[in-house]
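Chain naming here is simple, since letters A, B, ... match the order of the sequence lines and numbering starts at 1 in each.
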Number of protein chains: 4
Amino acid sequence: MGETETKGAGRPRSAEKDAAILQAALELLASHGYTRMSLSQVAAAAQVSKSTIHLRWKTKADLLTAALAALRMAEAPPASRDTRADLITILKDFAATVERVRGMALIGTCLAEEAHTPELLALLRERTVLPRRTLLRQVLEQARDRGEIRPGADLEAAVSALLGPFYADYMAGRGGRMGWAEDAVDLALAGLRPTDT
Amino acid sequence: MGETETKGAGRPRSAEKDAAILQAALELLASHGYTRMSLSQVAAAAQVSKSTIHLRWKTKADLLTAALAALRMAEAPPASRDTRADLITILKDFAATVERVRGMALIGTCLAEEAHTPELLALLRERTVLPRRTLLRQVLEQARDRGEIRPGADLEAAVSALLGPFYADYMAGRGGRMGWAEDAVDLALAGLRPTDT
Amino acid sequence: MGETETKGAGRPRSAEKDAAILQAALELLASHGYTRMSLSQVAAAAQVSKSTIHLRWKTKADLLTAALAALRMAEAPPASRDTRADLITILKDFAATVERVRGMALIGTCLAEEAHTPELLALLRERTVLPRRTLLRQVLEQARDRGEIRPGADLEAAVSALLGPFYADYMAGRGGRMGWAEDAVDLALAGLRPTDT
Amino acid sequence: MGETETKGAGRPRSAEKDAAILQAALELLASHGYTRMSLSQVAAAAQVSKSTIHLRWKTKADLLTAALAALRMAEAPPASRDTRADLITILKDFAATVERVRGMALIGTCLAEEAHTPELLALLRERTVLPRRTLLRQVLEQARDRGEIRPGADLEAAVSALLGPFYADYMAGRGGRMGWAEDAVDLALAGLRPTDT
DNA sequence: AATGAATGAGTGTTCATTCAT
DNA sequence: AATGAATGAACACTCATTCAT
C-alpha cells in the first residue's frame, strides 16, 4: 500500500512513471478509443519506453483496466437541505465531469468493448456511475424522510429518471442543452410528490 | 428495343451478396466494434471475397455507414388512444430492438468513434433514435390535445425523460430490469399532469 | 490486313476503341511506368471497360507491347547536303520527340522492365532508336562518300558519339541544355575529319 | 562513468542486419524495379522480419533511398599522366561497375520513378554519375593545362561525349561492345586537339 | 529497472485477371 | 462485342508483445 510493498532487490520502480503512464492511457482511451489508441502513443505521451509499460502491466487490457480503476471516486454530497437545489447541483457536476474528460467517448468505448473486455465497463460503473447514483439516492432518501416524497416510491428508478435525460439528450444530439437538469429534477419531483389525491 | 436505356450491361450485381455483406457488417460492428472488426471477417461471414466488398463500398467507413443506414427507420405508431399503454408499447419495442441487435454495443461503438467517424453516430441518430423520439412525441402531443398533459410542457424534455431511464439503467448495470418502462411512463405522466394546483 | 481480317460472325471490334486504348496505354506507360499504371486507368482514359482491353490483349504485358509497337517509326531524313546542318536537325528532332512523349521515363521503364518483359526494350529499340540511328548513319555515309569523313571510320561508333551526349547530359542533370546538338556534331565531325596529318 | 552520455540503452541495433537489408534492397531494386520489388522480398533475402525493416526506415521510399545513398561514391583517380590511358581506365571501370550491379536496370528504375520518387534519380546522380564525371573532368583539365587540349573547350560537354556512347550503345543493343571506350576517347581527343588549323 | 531491437499476425486496399450477362 | 461483377494474391504498413542489453 505504501511506496515499496515488497522491498525486493534492485532499483525500485518509479512512481512518477506509473502515474504518467496511467494518465496518458486514460486520456488516449477517451480521445481515441480502446483499439485505436496504441501503446506507442501512451509511451510517447508518458515519456517512457513501451517496454516500461509492459513491465508493469502484462497486456493492453490490463493497463487500461488499471487506468480506469484510478479514476477518482465521487465528490462529497452537497448538504443544503434543499432537495431540488441539491439534486440539480449533483446533476450539473455530473455533466461537467463527463464533458471535461470526453466522458461520452469513454463510456462509448467501455460499451463497445463490453463483449471483449467487460472489466472496463464494470470499472466505469463501480468508480463513476454508482458513486454518483449513491449521492442522488441519499438526497432522495432524506427528502422522503422529510415527507417531500411519496413513501413507497422506487428511489432507484427515480435516480435513473434523474440521470437518464442526460444520456437521452446526448443520443438525440441535444447534449449540453440548457436547463436539462432543472427539467429532469422538476419532472421527477413532481412525479414523486406525496398525496396526489 | 424498348427500355434499353438504363438496362445496364454486364453481369448484374448480386442482391443477396449486398444483403449478406450489410448484415454481416452490422453484426460484427455490434459484436466487435468498429476498429476490432475487419473486412476479412465481414467477407468470411458473408461468404464473399474482400474485393467484392470494396467493389460496392470504397472504404471500411463507407461500408459501415451503409450498414447503419440500412437499419430500419421507424415502426408504425400504436393507435389505442390510451396514452399510457401507447407509450409503454413504444418503449418496450425500443428496448427489444436494442437488445436484438446488441444495441448498446453498437451505440457504444458509435459514441467511441464519434471523434474519428462522426457519420456513424449521425446515422444512428437519424435512423433509430430520432424516429423513435418522433413516435413518442406524437403520442404526447395527442395526449396534450386531449387535455391529459399540461399545455405548456416541454415535450422534447418529456421524451428524454421517457427514454432516459433505459440508458441510465444500463449504465448502472440494471439493464433489462422488469417494469422500467411502466415506471418511466408513470413518473413522466405524473409530472406532466395538468392543474397541479 | 484490312479492317476485317477474318470476317467472323457477330459484331466486329471497334477500331476506334483499339486506337484509344493503345494511345491511353502509351501515355500512362510514360507517365506512371509499367507497374504503377493500372489497366483501370487505361480503361478509364480510353472510355472503355477493362474487359474490353482483355478481350483484345490477354495480359498487361501484351497490351503494352502492342502500344509500344504502335509508336511511329521515323521521319524522312533531311536532304540539305550540308552534313553539319543535317545532323543537328536530326538530333534536335530526336530530343524534341523524347521530350514530347516523356521519353526518358519511357526509356527508363523499358530498361527497368528488361529482366521481366524484355519485349518492351526490344520494341523501343526497333521502333524508335534504330530508325533514328539509320538516319544519322545515312548522312554520315554520304559525307564519307563526299570525302568529308575519314574513309575507315567506324560510323556506328560515330552515331553513338552523336546521340550519346543526350543521354549523358540527362543523367548528369544537364538535360535540355542549349547547344548540346551543335557541340556533339562539331566534336564528332572534328574527330572524323580526314587527313589529320 | 566515462562516456556514458551517448552510450545508448537497450539492445544495440544489429549492424549485420542493416547491411544485409541495404544490400538485398539494392539488388532487388536493380533486378525487379521499384514497384515490382516488395518489402517481403527484401525481408526474406536479408533473413529479417518486415518489421525490422520498418524499424529502420519508415517507408519503402526511405529504404531504397538509403540503399542508393550507400552506393560507393567515387574511385581513386588514376594518375599516369597519360591522358588517353587514364580516360580509358575510368570509362572501363565505369562500365564494369554498371554491369556488376545491373546498373542499366537501376538507372532505368530511377528514370521511370522520376515523376513519383525523384530522390532516387537525384541520389543516383549524386553518388555515382557526378563523381565519375568529376574524375573525367580532372583528367581533361590536366590535359588542357599541359596543352593537349584546346584552351577554350567546353569540358563538361567533353565529359558527356566520353560517357555518352556507353548509354547510346546500350540503347542500340550494342552494349558491352569491345573497344567502345577507346573509340570514344580517340574521337573526343581528336575533336579537342588544339591548333586544328 | 529500463530501454530499444525484433517479431508474427493482422490491417485496409489495389490490381490483373476470369466469369456471367 | 462489350460490359460489370467477382475474385485471389499481393502490397505497404501497424501493433502488441517478447527478447537482449
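When the P atom of dT11(E) is taken as reference, atom NE2 of H32(B) falls 10 Å away, rounded to whole Å. Rounded to an integer number of Å, the gap from R36(B) CZ to dA16(F) P is 10 Å. Rounded to whole Å, atom P of dA12(F) lies 10 Å from atom CD1 of I53(D). Distance CE (M37(D)) to P (dA12(F)): 8 Å, rounded to an integer number of Å. Summarising the geometry, the separation between CG on L55(B) and C1' on dT18(E) is reported as 14 Å, rounded to the nearest angstrom. When rounded to the nearest whole Å, the span between CG of D62(B) and C1' of dG12(E) equals 13 Å. We find that CG of L63(C) is positioned 12 Å from C1' of dA16(E), with the value rounded to whole Å. Put simply, CG on L28(B) is 15 Å from P on dG10(E), counting in whole angstrom units.
Sequence order on DNA chain F of the closest nucleotides to H54(D) and R56(C) puts R56(C) first from the 5' end. In this structure, A61(D) and R11(B) both approach DNA chain F, and ranking their closest nucleotides by distance from the 5' end singles out R11(B). When each of T59(B) and K60(C) is assigned the nucleotide of DNA chain E bearing its nearest heavy atom, the one mapping closer to the 5' terminus is T59(B). The residue among V48(D) and Q41(C) whose nearest nucleotide of DNA chain E lies closer to the 5′ end is V48(D).
In terms of polar N and O atoms assigned as donor or acceptor, the side chain of S51(D) comes within less than 3.5 Å of the base of dC15(F) in a complementary pairing. For K50(C) against dT17(E), a side-chain-to-base donor-acceptor contact under 3.5 Å is present.
Here the side chain of H32(A) pairs no donor or acceptor atom with the backbone of R36(A) at under 3.5 angstrom. Using modelled atom types, no side-chain atom of T52(D) and backbone atom of V48(D) make a donor-acceptor pair closer than 3.5 Å. Proximity of a side-chain donor or acceptor of T117(C) to a complementary backbone N or O of L120(C) within less than 3.5 Å is not detected. A distance-only check finds a donor-acceptor pair linking the side chain of Q41(B) to the backbone of S38(B) [under 3.5 Å].
Among the heavy atoms of the strands lying under 4.0 Å from S38(B) are primed sugar atoms or P, OP1, OP2 only; no base atom is included.
Applying the Watson-Crick and G-U wobble criteria (two distances, each under 3.5 Å), dT13(E) pairs with dA10(F). Across all strands shown, the partner of dT3(E) is dA20(F), judged by Watson-Crick or G-U wobble contacts whose two distances both fall under 3.5 Å.
Taking side-chain N and O atoms only, K17(C) has a distance below 4.0 Å to OP1 or OP2 of dT3(F). The phosphate of dT3(F) (OP1 or OP2) has a side-chain N or O of S49(C) nearer than 4.0 angstrom. Under 4.0 angstrom from either OP1 or OP2 of dA2(F) there lies no side-chain N or O belonging to T52(C).
Heavy atoms only, all atoms of each residue included: K60(B) and L39(B) are closest at CG-CD2, 4.1 Å.
Side-chain proximity of R13(A) to dA1(E), dT13(E), dA16(E): nearest is dA1(E).
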Let me see the working for R102(A) and E27(A) under salt bridge (charged side-chain N to carboxylate O under 4.0 Å, His left out), right down to the final yes or no. CA-CA 9 Å; R102(A) 284 172 162 278; E27(A) 282 169 8; over 6 Å; no
